[in-house]
Amino acid sequence: MSQASLRHLLVTGGAGFIGSAFVRQRLATDPDLRVTVLDKLTYAGSLENLAEVTGNRRFAFVQGDICDRAAVDRAAKDVDAIVNFAAESHVDRSLLEAGDFVQTDVSGTLVLLEAARRYHHERFLQVSTDEVYGHVANGRSREEDPLAPRSPYSATKAGAEMLVNAYHESFGVPTLVTRGSNTYGPYQFPEKIIPLFITNALQDLPLPIYGDGSAVRDYLYVDDHVRAIATVLSNGEPGRAYNVGAGAEVSGVAVADAVLELCAKPPSLKQFVTDRPGHDYRYALDVERIRPLGWQSRISFRDGMRLTVDWYQRNDAWWRRRKETDFWTYYRRNYQGLPSGAIPK
Ligand code: NAD
Ligand code: DAU
């Protein structure tokens, strides 16, 4: 098994939900590591998410777009590795308008791969997703299974993976891919189901459940996910992909029930709405490949939900700043035919 010694990382998309958790965890865990974050600061990214590390002398922040070759070159030339979190990440937004997804998730990844090739980086890690396998009716997806994405978002993530693989095969770039499952925890933008349902519950607004709410996801606590990415970065074998999941299959209704119970709100807040087009009803991962590298998930769904609800209760100002005018414009467009009272006055 190869072990990379990496002293300076370029973390793209490091001001978003999972990227910022990775930066906070790595700087706290590895006293010799330097981290530079390159982030465009879209609606999903914020320096607030990195407040804990901004005074750290081993940390630097650069605002920039991964599609901007000159900006990437400047940020990438002195690092040992790139860890690419930067993406448009919300499936529902990709169903409304996919252009930015193709630009950032595919073209941006290509710009980063070119930099990794030019500067002979020791590693390039692409943070991908279990959604590249598409809907999985039975069994569990293994890393060698064919990719069969079904949403514009997952199609762009699969496209990026194809480029990553091509740069490994054609140019010997030492690439790694992680395919993580649905991640949740503090600092997640309140458009994804768990933070949306928690913040709606705290606002006494309906929780919009797609279809009959039976679609399942394998929810993974964010600290577990970023520890897996760090494990693959240092111990993974270049050219390989690694599934990362907790093995917890939880339905949309079960998410709503857990949120309402933990927030002490009534079941009447559950609101069944029109299903998502092309909804993948199940993802499930086989995680045998990552285990010998020394990773397994530690936080159960129940414990993770307690920690997450508690964080949103204590950080009211953080999520209220994200649920302002633009958010409700998107919300009205995405959730058609909402009853009156589904949106704050
Ligand atoms: P997020 O939307 O919270 O954060 C994305 C970050 O990327 C933001 O800080 C944003 O400003 C930045 N960004 C967007 N476009 C950019 C560009 N062109 N140049 C530079 N920065 C840009 O996303 P997340 O949930 O933290 O996901 C991070 C990564 O993990 C994504 O690649 C996503 O596909 C993948 N992933 C997410 C999950 C999940 O459940 N959230 C699960 C598996 C994999
Ligand atoms: O599986 C990993 C993926 O998980 C990541 O790659 C994506 O970046 C991330 O957004 C997430 O995608 P999903 O589409 O699975 O997550 P989302 O939270 O949007 O939806 C989870 C489930 O909840 C899905 O079955 C749809 C349902 N849902 C979602 C929303 C937003 C609802 O029922 N109501 C909602 O309002």
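Both counts, for ligands and for their atoms, begin at 1 and track the order of listing.
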What atoms of ligand 2 come within less than 4.0 Å of a heavy atom belonging to [X]?
{"X": "Ala215", "value": "25 (O)"}
{"X": "Thr129", "value": "1 (O), 2 (C), 3 (C), 5 (C), 6 (O)"}
{"X": "Glu191", "value": "31 (C)"}
{"X": "Asp92", "value": "31 (C)"}
{"X": "His90", "value": "19 (O)"}

Please round to the nearest 0.5 Å and tell me the distance separating atom [atom1] of [X] and atom [atom2] of [Y].
{"X": "Leu125", "Y": "Leu112", "atom1": "CG", "atom2": "CG", "answer": "12.0 Å"}
{"X": "Arg217", "Y": "Asp280", "atom1": "CZ", "atom2": "CG", "answer": "6.0 Å"}
{"X": "Thr36", "Y": "Leu9", "atom1": "OG1", "atom2": "CG", "answer": "9.0 Å"}

**Request:** Check each of Arg302, Arg306, Lys270 against Glu261 using the salt bridge (charged side-chain N to carboxylate O under 4.0 Å, His left out) test, and report the only one that passes.
**Result:** Arg302
Could you name the option among [options] that has the heavy atom nearest to [atom]?
{"atom": "atom 2 (C) of ligand 2", "options": "Val253, Asp130, Asp280", "answer": "Asp130"}
{"atom": "atom 22 (C) of ligand 2", "options": "Tyr210, Phe272, Tyr184, Tyr219", "answer": "Tyr219"}
{"atom": "atom 25 (O) of ligand 1", "options": "Tyr153, Phe17, Phe85", "answer": "Phe17"}
{"atom": "atom 43 (C) of ligand 1", "options": "Gly180, Gly185, Ala87, Ala21", "answer": "Gly180"}

**Request:** Taking the six-membered ring for Trp and the full ring for Phe, Tyr or His, determine whether the centres of Phe85 and Phe22 are under 6.0 Å apart.
**Result:** yes
**Prompt:** Are the ring centres of Phe17 and Tyr184 closer than 6.0 Å?
**Reply:** no
**Message:** Measuring from non-hydrogen atoms of Gly252 to any atom of ligand 2, is the shortest distance under 4.0 Å?
**Reply:** no
[X] side chain to [Y] side chain, donor-acceptor N/O pair below 3.5 angstrom:
{"X": "Glu191", "Y": "Tyr331", "value": "no"}
{"X": "Ser128", "Y": "Glu161", "value": "yes"}
{"X": "His90", "Y": "Tyr330", "value": "yes"}
{"X": "Tyr153", "Y": "Arg93", "value": "no"}

Under 3.5 Å: N/O of [X] near N/O of ligand 1:
{"X": "Ser46", "answer": "no"}
{"X": "Cys67", "answer": "no"}
{"X": "Glu88", "answer": "no"}
{"X": "Asn84", "answer": "no"}

Residue, atom name and distance, where the atom is the protein heavy atom closest to [atom]:
{"atom": "atom 30 (O) of ligand 1", "answer": "Val127 CG1, 3.4 Å"}
{"atom": "atom 4 (O) of ligand 1", "answer": "Gly16 CA, 3.5 Å"}
{"atom": "atom 36 (O) of ligand 2", "answer": "Tyr335 OH, 2.6 Å"}
{"atom": "atom 4 (O) of ligand 2", "answer": "Asn182 ND2, 3.1 Å"}
{"atom": "atom 11 (O) of ligand 1", "answer": "Asp39 OD1, 2.6 Å"}
{"atom": "atom 15 (N) of ligand 1", "answer": "Thr104 CG2, 3.5 Å"}
{"atom": "atom 15 (O) of ligand 2", "answer": "Arg217 NE, 2.6 Å"}
{"atom": "atom 12 (O) of ligand 2", "answer": "Glu131 OE2, 2.7 Å"}
{"atom": "atom 34 (N) of ligand 2", "answer": "Pro208 O, 2.7 Å"}
{"atom": "atom 19 (O) of ligand 2", "answer": "Arg276 NH2, 2.8 Å"}
{"atom": "atom 41 (N) of ligand 1", "answer": "Ile18 CD1, 3.7 Å"}
{"atom": "atom 20 (C) of ligand 1", "answer": "Lys40 N, 3.2 Å"}
{"atom": "atom 32 (O) of ligand 1", "answer": "Lys157 NZ, 2.7 Å"}
{"atom": "atom 23 (O) of ligand 2", "answer": "Ile193 CD1, 3.2 Å"}
{"atom": "atom 8 (O) of ligand 2", "answer": "Ser89 O, 2.7 Å"}
{"atom": "atom 23 (O) of ligand 1", "answer": "Ser89 OG, 3.3 Å"}

Heavy-atom pairs closer than 4.0 Å: do any link ligand 2 to the side chain of [X], the backbone, both, or neither?
{"X": "Tyr281", "answer": "neither"}
{"X": "Leu196", "answer": "side chain"}
{"X": "Val255", "answer": "neither"}

**Asked** Is it true that Arg320 and Asp316 have a side-chain N and a carboxylate O under 4.0 angstrom from each other?
**Response** yes
**Asked** Would Gly108 count as a contact of ligand 1 if the rule is a heavy atom under 4.0 Å away?
**Response**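 No; Gly108 lies far enough from ligand 1 that no heavy-atom distance drops under 4.0 Å.
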**Prompt:** Touching ligand 1 at all, Ser20? Heavy atoms, strictly under 4.0 Å?
**Reply:**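 It does not, in that no heavy atom of Ser20 comes within the 4.0 Å cut-off of ligand 1.
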**Prompt:** Where does Asp130 meet ligand 1, judged by heavy-atom distances below 4.0 Å: at the side chain, the backbone, both, or neither?
**Reply:**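 Neither part.
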**Asked** When you look for heavy atoms under 4.0 Å from ligand 1, do you find them on the side chain of Ser128, its backbone, both, or neither?
**Response**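 Just the backbone.
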Is the shortest heavy-atom distance from the side chain of [X] to the side chain of [Y] under 4.5 Å?
{"X": "Arg123", "Y": "Leu6", "value": "yes"}
{"X": "Val164", "Y": "Thr109", "value": "yes"}
{"X": "Arg332", "Y": "Phe327", "value": "no"}
{"X": "Val91", "Y": "Leu95", "value": "yes"}
{"X": "Leu196", "Y": "Pro208", "value": "yes"}

**Message:** Cation-pi check for Phe171 against Arg117: NZ or CZ below 6.0 Å from the six-membered ring centre and within 45 degrees of the axis, yes or no?
**Reply:** yes
Between [X] (side chain only) and [Y] (backbone N and O only), is there a donor and an acceptor less than 3.5 Å apart?
{"X": "Gln63", "Y": "Lys40", "answer": "yes"}
{"X": "Trp319", "Y": "Tyr312", "answer": "yes"}
{"X": "Trp318", "Y": "Tyr187", "answer": "no"}

**Item:** ligand 2 to Val91 polar contact by distance, N or O atoms, under 3.5 Å
**Value:**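 No, no N or O pair falls under 3.5 Å.
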**Prompt:** Quick one: does Tyr283 get an N or O within less than 3.5 Å of an N or O on ligand 2?
**Reply:** no
**Request:** With Met305 as reference, evaluate Val250, Ile299, Leu262 under the side chain to side chain contact (heavy atoms under 4.5 Å, CB included) test and give the passing residue.
**Result:**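 Of all the options given, the one that passes is Leu262.
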